[in-house]
Amino acid sequence: MKKSGFNTGLFFALAIFLSSCDGFVPDPIDPRLPVYSESAKNQSGAMINNVPFVDYPKYSSLESPSSAFILNQADTTLILEFNLSQRNYNFYGNSVNFSLESLTEADWDEMEQGFGKKFSLNNTKNKGKLIVRSNAGDTEIFAETGQITVKVIPKSKSIAGTFGFTGKAPNGKNYEVHYGRFDYFFQRLK
Amino acid sequence: MRYKFIVVTFFVFFMQIPEGFAQVGMMFGTNYSNVRHDGLLEKTQGQMSLHLGANIEVVPIRGIPNLSLRTDLILVQKGYTPRLDGSRYRVNLEYGSFAPMVKYAIIEDFSIHSGVEFNRLMDSNVGEDVTFRKNEKALFLGFDLFNSKRLSFYTRASFGLTPVLDYYDIDPIEGIQGRISDLYTTTIMLGIQLNIHHEKIRF
């Protein structure tokens, strides 16, 4: 029996389609950024010096669905790091990193209320930084003013929030991280 | 629930008309849509899309044959196109629309119509389930040409009465400041109607 080339072509087209799904869900006001959500969409984004950088699930056979790093250490320290790239680029040009220390049970309770708990980034307990990656190496820009708001939603097993800060690089260049938002899978073990 | 009540009431009303006349039509056309807002979006432009539907028209009062009641069931794509950094991003809002209206024929081949659209959001390429409201109401006004022929033309302008967006007010640095409801649709439709029953028929 003669084999159909059409079926083979269809199979490969389907395989390519399934291995390259784009999980980006745009914001209704600024579609360059991901929508603010609280449903574990595993995406984040921010305007860094007015350029949109995002992280979102890329369902391909070569890439992982999320590049974020979220670590809860004994319920007292929460570390969040989002690796952000320009849309349709695979190179993670920037990362934003937050370290929230000395968390109490009251802080966790507040993180489940309303829009979440706001942590100011201009003190020693709560730190934020932008890491700019290049061939010459990584440059760390520490937040001088700004905040991160964290909301924990046990029902949807997610951690979501917003962030924004400004800082200055060692070479004197100013950086602004605006309209930051994130929404990742998270489950707190009590 | 309220929308089901409106739909059921409307059809019960039609069933009560003992000596009515009805005309059934299919409609298809293009539409231009955009949104009105309170400074929420920077630069936007409208977008062209399509609509498709069917309608039924009855003359409820035999003594006033120029006055009719009509209901459209339409699938319509509305939306807006933000322009950011020189690029355009289409935001599509796909609605199933139930649109009862009053129509009056000024002369045989020219009539005006006006009514209220009850739109149900079916899909969007932006946001998530809770970003846009499920229901929208819009007031519309339009006119028809050659309505007594098998093929007729219509145009209609509709203005959203309720906001379509339920979202967060996000400050660049301080994050979420509260919730906002904004974006009111404006749509201009232009299309062709095929009158399946050319002559108005009895129930």
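Just so it is clear, the values below take in all heavy atoms, side chains as well, and ignore hydrogens, waters and symmetry mates. Here is the naming used below: chain letters follow the sequence lines, and residue numbers restart at 1 for every chain.
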Is it true that, when you exclude B:Asp38 itself, more than 12 heavy atoms of the residues, nucleotides or ligands shown sit nearer than 6.0 Å to its CG?
no
I need the minimum non-hydrogen distance between A:Lys118 and B:Glu174, along with the two atoms involved.
NZ-OE1, 3.1 Å
What option among B:Asp171, B:Asn125, B:Asp85, B:Ile173 has the most heavy-atom pairs under 4.5 Å with chain A?
B:Ile173
Top contributor to chain A interface from B:Pro82, B:Pro172, B:Gly175 [non-hydrogen pairs under 4.5 Å]
B:Pro172
Is A:Ile29 close to B:Leu41 at the side-chain level, that is, under 4.5 Å between some pair of heavy atoms?
yes
Which is it for A:Val35 and B:Tyr167 under the side chain to side chain contact (heavy atoms under 4.5 Å, CB included) test, yes or no, and what are the steps along the way?
CA-CA 9 Å; A:Val35 65; B:Tyr167 195 49; 3.7 Å; yes
Say you draw a straight line from CG of B:Leu40 to CG of A:Asp30; how long is it, rounded to the nearest 0.5 Å?
11.0 Å
Does A:Pro26 offer a backbone N or O that forms a donor-acceptor pair with the side chain of B:Tyr89 under 3.5 Å?
no
Pairs touching residues 112-157 of chain A that satisfy ring pair (Phe, Tyr, Trp, His ring centres under 6.0 Å), sequence neighbours left out:
none
Please say whether more than 12 non-hydrogen atoms of neighbouring residues, nucleotides or ligands are located less than 6.0 Å from CD in B:Glu42.
no
B:Leu165 portion near chain A, given a 4.5 angstrom heavy-atom threshold
side chain
If we define contacts as heavy-atom pairs under 4.5 Å, which of A:Gly114, A:Gly116, A:Pro31, A:Ser39 has the most with chain B?
A:Pro31
Is it the case that more than 12 heavy atoms not belonging to B:Met122 sit under 6.0 Å from its CE atom?
no
Restricting to non-hydrogen atoms, name the atom on B:Phe132 and the atom on A:Pro28 that form the minimum distance, rounded to 0.1 Å.
CZ-CB, 3.7 Å
I need the contact set between residues 158-168 of chain A and chain B: heavy-atom distance under 4.5 Å, sorted by residue number.
A:Thr162, A:Phe163, A:Gly164, A:Phe165, A:Thr166
Any non-hydrogen side-chain atom of B:Val126 less than 4.5 Å from a side-chain atom of A:Val25?
no
Does B:Glu128 use its side chain to pair, donor to acceptor, with the backbone of A:Ser37 at less than 3.5 Å?
no
Looking only at heavy atoms, which two atoms of B:Ile170 and A:Tyr179 are closest? And how far apart?
O-CE2, 3.4 Å
B:Leu93 portion near chain A, given a 4.5 angstrom heavy-atom threshold:
neither
